[in-house]
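By convention in this document, chain letters (A, B, ...) are assigned in the order of the sequence lines, proteins followed by strands, and residues within each chain are numbered from 1. Keep in mind that what you see is a predicted model, and the values were worked out from it rather than measured.
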Number of protein chains: 2
Amino acid sequence: MESKQVLTNYVATFVQSLIAQGVEHVVISPGSRSTPLAYAFKHVKTIKTYLHIDERSAGFMALGMAKSLQKPVALLCTSGTAAANYFPAIVEAKNARIPLIVITADRPHELREVGAAQAIDQVNLYGNQVKWSVDFPLPDAQASTNQFLTQHITRMVQTAVTAPRGPVHMNVPFREPLLINLEEKFAPVSSVQSFPTRNSVLPETLKEVQTIMKDSTRGIVVVGELPMNTNSEELLKALEKIGWPVLADPLSNLRKFTHECVIDQYDSLMKSSSFTSRITPDVIIRIGAQPVSKPLALFLSKVKAQAVITIDESAQYRDPFMWTTHHIVAAPEDVLSKLIYTGKHATLPIWIQANQLATSKVMEYASQHEDEGTFAKMVVDLLPEDSILFASSSMPIRDVDTYFLKTSKNIDVLSNRGANGIDGVISTAIGVQLATEKEVTVLIGDLACLHDANALLASKYNNVKLTVVVMNNNGGGIFSYLPQKAEDTHFEDLFGTPANIDFLPFAKLFGADYQKVSDKDALRQSFLKETEFSIRFIEVITNREENLLSHRKLWSQIDEAIQHV
Amino acid sequence: MESKQVLTNYVATFVQSLIAQGVEHVVISPGSRSTPLAYAFKHVKTIKTYLHIDERSAGFMALGMAKSLQKPVALLCTSGTAAANYFPAIVEAKNARIPLIVITADRPHELREVGAAQAIDQVNLYGNQVKWSVDFPLPDAQASTNQFLTQHITRMVQTAVTAPRGPVHMNVPFREPLLINLEEKFAPVSSVQSFPTRNSVLPETLKEVQTIMKDSTRGIVVVGELPMNTNSEELLKALEKIGWPVLADPLSNLRKFTHECVIDQYDSLMKSSSFTSRITPDVIIRIGAQPVSKPLALFLSKVKAQAVITIDESAQYRDPFMWTTHHIVAAPEDVLSKLIYTGKHATLPIWIQANQLATSKVMEYASQHEDEGTFAKMVVDLLPEDSILFASSSMPIRDVDTYFLKTSKNIDVLSNRGANGIDGVISTAIGVQLATEKEVTVLIGDLACLHDANALLASKYNNVKLTVVVMNNNGGGIFSYLPQKAEDTHFEDLFGTPANIDFLPFAKLFGADYQKVSDKDALRQSFLKETEFSIRFIEVITNREENLLSHRKLWSQIDEAIQHV
C-alpha cells in the first residue's frame with residue numbers, strides 16, 4: 001500500500017474511533033506535524049471543529065465545552081511547546097473531573113531527543129495530571145495497527161468518562177509526508193459498544209445511613225459544585241423529601257429552586273458565631289466538590305459531628321478537613337432519592353429564618369450601596385432566562401456566592417474550581433458558549449482578564465457570542481482580605497500589583513463592543529443595551545480599598561440582623 | 001521556637017542558599033501560598049526581583065535572563081495551575097539547556113489531593129522536562145531541616161548548571177500563617193563551595209582526530225547555536241587556524257567576524273545542486289545545536305562523509321540525522337584550540353567565492369525588492385552597535401539566516417531553538433533585555449506576537465526597553481513553504497489562519513509607541529525615530545503570497561549566480 005494511503009487509513013480509523021465513542025467536538029491549533037489528523041477532523045462531517053492559535057486558550061476552550069456538555073471533547077496540536085501550553089487546562093480538567101481528550105502530534109522515534117527541530121520528549125508529557133497517556137504507533141499497513149487504534153481509543157475515551165472523569169493523552173507520531181487522501185470517504189469503524197454503568201448503593205448501606213439519620217435532630221446537607229449533567233430537579237425533590245437544610249453552593253445549581261430548605265446565605269451566616277452556636281449540626285451529608293465559602297469550611301472543620309457522610313462517584317472523595325466518617329462511592333442523586341428521614345429536625349426553622357433575614361439584608365444593602373458585590377448582584381439580576389453565568393475564581397465567585405440569591409430563573413453558574421486558577425477563565429467560558437450556544441456572561445477581575453487576554457482571539461476564528469463584565473479594581477483584590485494585607489512592606493509590589501490598564505484598546509483589539517461604567521445605573525444600561533457586536537465588554541471601575549470596607553460592612557449588618565433568630 | 005520564627009529561618013536559609021550558588025535574579029508572580037519566599041526574596045538586597053502576573057510569560061522572562069547570562073535564574077509562583085503555566089518555558093529550557101530554577105509553593109501534605117482549594121499534585125509536576133525535582137519538607141525547628149535545604153539547593157543549582165544545563169524544580173510546601181519576620185537580617189549560609197569543572201579532551205583522542213583531519217581535503221565545520229558565554233573570539237581564532245570553511249548559523253554568533261572562512265550564505269548555497277556536487281565534504285566537525293537551515297540539514301543528511309566529529313559538552317549530543325561517527329564530550333573551544341590541520345584543503349576557495357557571489361546577490365536583491373526578508377535585512381542593518389536581535393522561530397529566524405550577513409558590528413542574535421516554539425518569544429526577549437540591560441530588538445510574525453501578547457504586561461511592572469518589529473502577513477506564513485500549501489482544501493482554515501488583527505490597539509493597550517509601515521524607507525525612518533516610550537512597536541505590513549514568490553526568486557537568482565564557481 002502506498003504510504004499516503006496507509007496514513008489516510010490510519011487517521012480515518014483514528015477519527016472514526018473517536019466518533020464511535022461520542023466525540024463530536026475538537027479544538028484545533030495550527031501546526032504542521034498534526035496535519036494528517038487536522039485534515040481528517042475537517043473531513044468528517046460528524047465532528048465540529050474549532051480553532052485557536054494559542055494552545056493554552058484552546059485547552060481551556062475544550063475544557064469549557066466538555067464541562068458544559070459533560071461529554072468528551074478533543075484537542076489537537078502539533079509537536080513541541082505547543083503541547084506544553086495545554087498543561088494548565090489539563091491540570092484543571094484533572095481536578096475538576098472533565099473528560100478532555102488531548103491529542104498531541106509527535107515526531108517519529110528517530111527524531112526524538114536528538115536535537116531535531118520542534119521535537120521534545122512527549123511520552124508521558126503530562127505525568128500524573130492525566131488519567132492515561134498512550135504513545136501511539138506510527139501508521140503502517142498492518143491490520144493489527146488499526147485494530148489497536150480502535151481498541152485503544154475506545155478504552156481511553158471510556159477512561160476519560162468513567163468516575164472520576166478526567167483528561168487522557170494520546171501522543172501520535174507521524175513521518176513526512178503528511179498529506180492524506182481527501183477524496184476518500186472515511187468508513188465508520190466497528191468498535192466495542194460501551195454501556196454506561198454507575199455504582200448502585202447496597203440496601204445494607206442505606207439501612208445504616210438511615211439509622212444514623214434517624215437519631216439526628218440537626219442534620220444538614222452541604223452541596224458543592226455538581227457536574228452539569230446532574231438532574232437538579234430530581235436531586236432537589238430527593239432533598240426536599242429529606243427535609244434538612246440544604247447549603248447550596250452557587251455551583252451546585254440548586255439555587256435555581258426557591259424551596260425554603262435551600263439555604264443560599266450560609267457564607268454570611270457562618271461568620272456569625274451567635275448563629276453558628278445555635279445550629280451546630282450533628283450529621284452532615286456532603287455531595288459535590290468543596291464549596292467556595294471559606295467561612296463555611298472554617299466552621300465545618302471545627303464541628304464535631306457524629307457523622308459526616310460523603311457521597312462521591314469516586315473513591316478519591318474530596319474532603320480537605322478529614323471529617324468524613326462514612327463514604328459512599330455512588331452518584332449522589334441515586335443515594336439521596338432512596339433515603340427517608342424519620343427523625344425530628346430541631347434547627348430547620350432557625351436556618352430558614354436566618355436565611356430569610358440575611359437575604360433581606362443583602363437585598364437592602366445592594367439597593368443602597370455600590371461595590372463589586374452589588375455590581376455582581378446587578379449582573380446576576382439582569383441575566384436573561386436560560387443563560388449561563390461564568391464566574392472567575394478569586395473574588396467574582398465569592399461575590400456570586402453572596403449575591404446570587406435563589407431564583408426560579410433558569411441560570412446555570414459555572415466556574416473553574418478544580419484548581420481554582422484565575423487562568424483560562426474567558427477561554428473556558430467561550431468553550432461553554434460554543435458548545436451550549438446559550439448566552440454566556442463572564443464575571444471577572446482585571447488581572448484574570450489580562451491573564452487570559454488571548455481567549456478573545458477565539459472570536460476571530462469561531463462564532464463566539466459573549467458578554468464579559470470586568471471588575472477593574474486595578475490589581476489583585478482578593479489579597480486585601482488576607483493577613484498579608486497587615487504587612488505593609490512590599491504589599492503593592494507583591495500582591496496589589498496594579499497593571500494600570502485601559503481596557504478600551506483591549507476591547508478594540510478584539511473588535512468588541514466596549515462600555516465603561518462606575519455605577520449601577522450605568523451598568524444596568526450597558527448590560528441591557530442592544531449591540532451587534534459578538535463580544536460585549538463592560539468595564540466596571542471599582543476600588544480595592546472601598547470594596548474591602550464595604551464587604552465587611554455588609555457582613556456586620558447581617559451578623560446584627562440575625563442576632564435574635 | 002514560635003512558628004513565625006521557624007518560617008523566617010526556613011526561607012532565610014532557602015534564599016541565602018540560592019544566593020550562595022550564584023542566583024541573583026528571580027521572577028515572581030503574585031499569589032498567596034508563595035508569600036514567605038516572595039517576602040524573603042524582596043527582603044535580601046543581593047537578589048533582583050521582577051514581576052509578571054502571567055506565569056507563562058514569567059517563565060519565558062526568566063528563561064531569557066538565564067539564556068543571556070548563562071547563569072541560574074529563579075522563578076517563583078503560588079500553588080495550582082500557576083505552576084502549570086511555567087511548563088512551556090520549562091520545556092524550552094530543557095531542550096535549549098538553560099539553567100532555570102523553578103520554585104513552586106505548595107500546600108502542605110494534608111491539603112494535597114483532598115479537594116482543597118488551589119491544591120493540585122505538584123510532586124514531579126514537570127516529569128522528564130526537568131533535570132531534578134524535589135518536594136521540600138515543611139518548615140520546622142530541627143537544625144537538620146535547614147541543613148538539608150542548603151545541601152539540597154546547592155546540589156540542585158549545580159545540577160542545573162552542569163552539562164547538559166537545564167531546569168530543576170523545587171516544590172516548597174507552606175502551612176498558614178504565611179507571614180515572616182521582616183525585621184530580621186538574613187545571615188548568609190555557609191554552603192559547600194562548588195568549583196566549576198569541564199571535561200578535558202585526552203591526548204590520544206586529539207591524535208586520532210588529527211589523523212582523520214590530515215587525510216581530509218574537503219573538510220567543513222558546522223556551527224549551530226552556542227551558549228551566550230562562549231568565547232567567540234577564541235573559538236574563531238581556533239577555527240581560522242584550522243582553515244576549513246566554517247558554516248556559521250546566525251545563533252553561533254560567529255557572524256560577528258568577517259573572516260573569509262566564515263560562510264554565512266550556506267542556506268542558499270545548499271539549494272544549488274551544481275554547487276553542492278562540487279564541495280561534497282569528506283570530514284565534518286559539528287559543534288553547537290542543530291542549525292536553523294533546512295537545506296543544510298537535507299544536504300548533510302545525504303552526504304556520506306568519512307567522518308562526522310561531533311563535539312558537545314553533553315553525552316546527549318544533538319544529531320537528528322544519525323551521521324555522527326565520533327563524539328567528544330567536551331567544550332568545543334577547548335578541543336578545537338588544540339587541533340592543527342596539516343592536510344591540504346581543496347574546496348575552500350570555491351566556498352569563499354560562492355559565498356561572496358551569494359552575498360552580492362543578497363545585497364543587490366535587498367536593495368531592489370521588498371519582502372519580509374529584505375525588511376529583516378533593513379532591521380539588521382540598522383541595529384545599533386553592542387545590541388541584541390531576538391528572532392522568533394518560524395520565518396523570522398529563517399530570514400535572519402539569509403539576511404544577517406557577517407559584520408564587524410557587535411550584535412548577538414538569540415532565538416528560542418530548544419523546541420523551536422513560537423510561544424514566549426517576546427517574554428524571552430524581555431528577560432534578555434532586563435538581564436543584559438542592552439538594547440534588544442525583536443523580529444516576529446503576527447501570530448507569534450499575538451500568542452505571547454501578555455509578554456508586554458511586563459512593562460507595567462518592570463523597567464523594560466524593547467523594540468518589537470512585527471511582520472504582519474496576517475496568518476501563519478511558514479506553512480506556505482510546506483507541502484500542505486499544495487492541498488487547497490482547508491488550507492486557510494488550518495494553516496493560513498488569518499487573525500485580521502489591527503496592531504494599533506495592541507500597542508496602545510501596553511502603552512507602546514506604534515508605527516505602521518509597508519516599505520523599507522518608512523521602516524528605516526520608524527526604526528531610527530527617537531522616542532520616549534519604553535516599548536516601540538513597529539508593524540510591517542507584508543503579504544504571504546508575494547512573500548513566498550519573492551523568497552523563491554532570490555533563491556533562483558543565487559543559484560544562477562553561483563553556477564560557474
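The most heavy-atom pairs under 4.5 Å with chain B, out of Lys460(A), Gln290(A), Lys42(A), come from Lys42(A). Chain B forms more heavy-atom pairs under 4.5 Å with one residue of Ile422(A), Thr78(A), Val123(A), Ile501(A) than with any other, namely Ile501(A). Between chain B and the options Asp502(A), Leu125(A), Ile478(A), Thr49(A), heavy-atom pairs under 4.5 Å are most frequent for Leu125(A). Ranked by heavy-atom pairs shorter than 4.5 Å toward chain B, the options Gly80(A), Ala116(A), Gly127(A), Pro88(A) are led by Pro88(A). Of all the listed residues (Lys508(A), Gln118(A), Arg107(A)), the one sharing the greatest number of non-hydrogen pairs under 4.5 Å with chain B is Gln118(A). The residue among Ala289(A), Ser32(A), Gly496(A) with the most heavy atom pairs within less than 4.5 Å of chain B is Ser32(A).
Going from atom OH of Tyr86(A) over to atom CZ of Phe87(B) covers 14.0 Å, rounded to the nearest 0.5 Å. From Asn181(B), atom CG reaches atom CD of Glu487(A) across 8.5 Å, with rounding to the nearest 0.5 Å. A distance of 11.0 Å separates CG of Leu494(A) from OG of Ser29(B), quoted to the nearest 0.5 Å. For the atom pair CG (Leu457(B)) and NE2 (His451(A)), the distance works out to 9.5 Å, reported to the nearest 0.5 Å.
Heavy atoms closer than 4.5 Å to chain A are found in the side chain of Leu51(B), but not in its backbone. Proximity to chain A is absent for every atom of Leu76(B), based on heavy atoms less than 4.5 angstrom apart. With a 4.5 angstrom heavy-atom cutoff, Asn416(B) does not touch chain A via any of its atoms. Contact annotation for Ile120(B): both backbone and side-chain heavy atoms come within less than 4.5 Å of a heavy atom of chain A. Only the side chain of Tyr461(A) comes within contact range of chain B, with heavy atoms under 4.5 Å apart. Interface residue Leu179(B): only side-chain heavy atoms are found under 4.5 Å from chain A. Both the backbone and the side chain of Leu447(A) come within contact range of chain B, judged by heavy atoms closer than 4.5 Å. Residue Glu55(B) touches chain A through both its backbone and its side chain, counting heavy-atom pairs closer than 4.5 Å. Residue Pro177(B): no heavy atom, backbone or side chain, is found under 4.5 Å from chain A.
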- Message: Walk me through whether Asp54(B) and Arg56(A) qualify under side chain to side chain contact (heavy atoms under 4.5 Å, CB included).
- Response: CA-CA 12 Å; Asp54(B) 182 343; Arg56(A) 180 169 69 173; 2.7 Å; yes

- Message: One pair to check against side chain to side chain donor-acceptor pair (under 3.5 Å): Asn85(B) and Asp423(A). What are the steps and the verdict?
- Response: CA-CA 9 Å; Asn85(B) 279 282; Asp423(A) 47 342; 2.7 Å; yes

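In this structure, the side chain of Asn454(A) engages the main chain of Leu450(B) through a donor-acceptor pair within 3.5 Å. Formation of a donor-acceptor pair under 3.5 Å by the Asn420(B) side chain with backbone atoms of Ala117(A) is not found in this model. A donor-acceptor distance shorter than 3.5 angstrom exists from the side chain of Gln129(A) to the backbone of Asp121(B), with no hydrogens or angles considered.
Residues Phe495(A) and Tyr39(B) bring their aromatic ring centres within 6.0 Å.
Under the 4.5 Å side-chain criterion, counting only non-hydrogen atoms from C-beta, Val114(B) is not in contact with Asp319(A).
Donor-acceptor pairing under 3.5 Å is recorded for the side chains of Gln484(A) and Thr35(B).
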